[in-house]
Amino acid sequence: MGKQVDTNNKGLVLQGVPVPGGEGGSWHIATGSMAQLSDLLAANSGADIDVCYQCRRCASGCPVAYAMDYTPVQLLHAARLGLLDLVLGSSAIWLCNSCATCVSRCPQEVDIVKIMDVLRAMALETGSNRETQDVVASYRAVLWSIRLFGRVYELGMVGAWQLTARRLGQDLRMGLDMRKRGRLKILPSFSTLGRAAGLFSRARRLERP
Amino acid sequence: MSYAYYPGCSLHSSAREYDVSLRSVCSRLGIELEELANWTCCGSVASHAVSRLLAAALPVRNLVEAQKRGWGEVVVPCAGCYSRFKLALDGAEEDQALRNGVETVLEHAFPDEVRVLHPLELLGSGQVRQELATLPRARLAGLRVVCYYGCLLNRPSSITGCDDSEHPEGMDRLLETAGASVLDWACRTDCCGGSLTLSRTDIVHRLDWEILDEARGVGADAVVVACPLCHLNLDARQREIETERGTGRGLPILYFTQLLGHALGAPAAELGLDQHFVDPRPLLERTTPR
């Protein structure tokens, strides 16, 4: 069975074929020309990973590379080879903090953050990396708050994240100290309730006609 | 001079000190900031991981609101918001399809006439800078600080218009103008771990320890920042970091607006100096001549 990756832009669908992998499972590799995945990333991000010549400046400057399963240069290389599962299932795309150190140092001017953004959007549909599911949950909590309240309601967002990540009570002392210092609002902003919700639904409709 | 003001979510809550100190500095310099009514979130750390279109539409919505009210310039102090605004404008300029998409989502024409301005640009240039240069420099003279720019204010520099993304100096020059002794150091553009603060606190602890350690190493009395998330990670998490490492005695983390406000003679409470985890007031009392 082929794997379908439906990116959230321009209705492009990428087909993957299974090849034998480790532990009795199989990998999915993008079908068609070797450049299919990099073409799709270029179409959705404006960044061309095929010009990368593996100088590894991105990996050496990346502040979180030490915690990633694949460093940025390895991830780009895997994407050029069409290794869908490896790329979309990596922890690297979620540990990337969009700090853009790689972007500013790349001699080929590859906008790796934009590539990461497209990969993240794709991975939300198909990928799963267990190690970083709490990171994904924290982004979902932020979006939930913006959609509902029009703004990030910090207390509600952190609470929603702690519930989904099952980490209730984390940072309790910091939260109480913030409150004591007048830096934690108890109530959300009601004046902007639902004001951004239309943007979410219209953007979704445009991207998924 | 008057400008539209977009505080962003953090400055209404966890980064209140940045909001009050910016307002204090501006009012003392005769700059009027008028908060945009019903502004909404710029999309923060999450929107761009989900949708390029949503990530562009969320900040631009606020520029549409500004344009409707006749504003030509919006002041955006949060480095995260500033970056989201700038990236949205750049994306729409580069990609006509994205621009059209944003117009459809917002059901409004693209607000081409509105500019986005960071307070460092506002306070660091021309007339304001000259005014700061005429201040008595004594209030900051005894203070040795390092400027921490972090990521989003300067990278990529094609978007932010930063002077040098490896070694920016805008904040250094501004604080020197106001009288502070600004030291050179190696961590000015390092990453604080940003949005991983909730989900991967271990990474934040590691990165911020290096920043704090370097700041102490060069002999800084305080670290000066321009980003709410940098401040949160360096100040609010500092106690955890020092406990974990078993060393350190608390290094004050200040917004650059707080130092400027202090130079202008504003009292501590007006600058939110009483709201930090590491209390900067003893340092300022010690170094400010009476």
Side-chain angles (χ1 to χ4, degrees), chain A residues 8-10 44-46 63-64 67 95 97-101 103-105 111 113-114 116-118 120-121 124 132 134-135 137-143 145-146 150-155 158 161 165 170-171 174 177-178 181-185 189 191-192 195-196 199-200 202-204 206-207, chain B residues 9-10 12-17 37-41 43-55 57-58 61 91 94-95 97 101 104-107 150-152 154-157 165-166 189-191 193-196 198-203 206-207 236-237 239-240 274-277:
Chain A
N8 70 353
N9 253 342
K10 298 171 188 169
N44 286 268
S45 69
V64 283
L95 293 179
N97 210 7
S98 305
C99 79
T101 304
V103 181
S104 72
R105 292 182 185 170
D111 196 324
V113 172
K114 284 185 181 161
M116 290 289 189
D117 278 342
V118 179
R120 284 186 272 254
L124 283 177
T132 50
D134 289 357
V135 181
S138 71
Y139 293 159
R140 287 197 197 275
V142 170
L143 291 170
S145 174
I146 302 172
R151 293 179 189 170
V152 176
Y153 164 39
E154 288 174 342
L155 183 61
V158 173
W161 172 75
Q170 181 191 305
D171 293 326
M174 190 170 98
D177 282 347
M178 296 275 269
R181 291 168 170 78
R183 285 168 53 188
L184 191 65
K185 270 198 195 165
S189 147
S191 66
T192 53
R195 276 185 196 263
L199 274 66
F200 280 76
R202 284 195 292 277
R204 179 100 183 158
L206 255 184
E207 287 173 338
Chain B
C9 306
S10 297
H12 263 217
S13 188
S14 57
R16 241 193 106 254
E17 329 89 274
N38 296 323
W39 56 267
T40 47
C41 177
S44 180
V45 295
S47 62
H48 58 99
V50 176
S51 154
R52 189 168 171 232
L53 179 56
L54 182 66
L58 280 169
R61 179 199 169 273
E94 299 256 298
D95 183 351
T104 309
V105 168
L106 296 177
E107 298 172 328
C151 309
L152 301 174
N154 47 295
R155 283 189 298 262
S157 57
S165 64
E166 295 289 347
T189 60
D190 284 2
C191 176
S195 59
L196 295 172
L198 286 178
S199 53
R200 288 298 299 266
T201 317
D202 59 313
I203 293 179
R206 174 173 162 147
L207 299 181
R237 292 219 179 272
R239 185 174 54 198
E240 302 164 10
D274 50 344
Q275 293 180 309
H276 292 260
F277 278 67

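Chain letters run A, B, ... following the sequence lines, proteins first, then strands; residues in each count from 1.
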Side-chain donor or acceptor of E154(A) paired with backbone N/O of S14(B) under 3.5 Å | yes
Just wondering, do T201(B) and Q170(A) contact through their side chains at under 4.5 Å, heavy atoms?
-> yes
Supply the atom-to-atom distance F200(A) CZ to S47(B) OG, rounded to the nearest 0.5 angstrom.
-> 7.5 Å
Look up atom NE2 in H276(B) and atom CG in D177(A), then write down how far apart they are to the nearest 0.5 Å.
-> 14.5 Å
Among C41(B), G43(B), A37(B), which has the most heavy-atom pairs under 4.5 Å with chain A?
-> C41(B)
With distance as the sole test, does R151(A) use its side chain to make a donor-acceptor pair with the main-chain N or O of W39(B) at under 3.5 Å?
-> yes
Chain A contact via E94(B) - which portion, at a heavy-atom distance below 4.5 Å | neither
Distance-minimising heavy-atom pair for A121(A) and V50(B) = CB-O, 3.4 Å
Side chain / backbone / both / neither for S138(A) at chain B, heavy atoms under 4.5 Å = side chain
Interface check, chain A: of S157(B), A57(B), S44(B), G193(B), most non-hydrogen pairs under 4.5 Å belong to G193(B)
Working to the nearest 0.5 Å, report the span between OG of S13(B) and CG of L155(A).
-> 8.5 Å
Under a 4.5 Å heavy-atom cut-off, does chain A meet the side chain of L207(B), its backbone, both or neither?
-> side chain
Interchain contact, L198(B) with chain A, by part (heavy-atom threshold 4.5 Å) = both
List the atom of C191(B), the atom of N97(A), and the distance in Å for their closest heavy-atom pair.
-> SG-ND2, 3.4 Å
Give a yes or no on whether R181(A) atom CZ has more than 12 heavy-atom contacts from other residues, nucleotides or ligands under 6.0 Å away.
-> yes
Relative to chain A, which segment of S195(B) carries a heavy atom at a distance below 4.5 Å: side chain, backbone, both, or neither?
-> both
Would you kindly say whether Y139(A) and S199(B) are connected by a side-chain donor-acceptor distance under 3.5 Å?
-> no
Looking at V135(A), V64(A), D134(A), which one forms a side chain to side chain contact (heavy atoms under 4.5 Å, CB included) with R200(B)?
-> V135(A)
With chain A, the option among R16(B), R237(B), R61(B) that has the most non-hydrogen atom pairs under 4.5 Å is R237(B)
Measuring from L206(A):CG to L53(B):CG, what's the distance to the nearest 0.5 Å?
-> 6.0 Å
R52(B) and K114(A): CA distance, side-chain angles, deciding distance, side chain to side chain contact (heavy atoms under 4.5 Å, CB included) verdict | CA-CA 9 Å; R52(B) 189 168 171 232; K114(A) 284 185 181 161; 5.7 Å; no
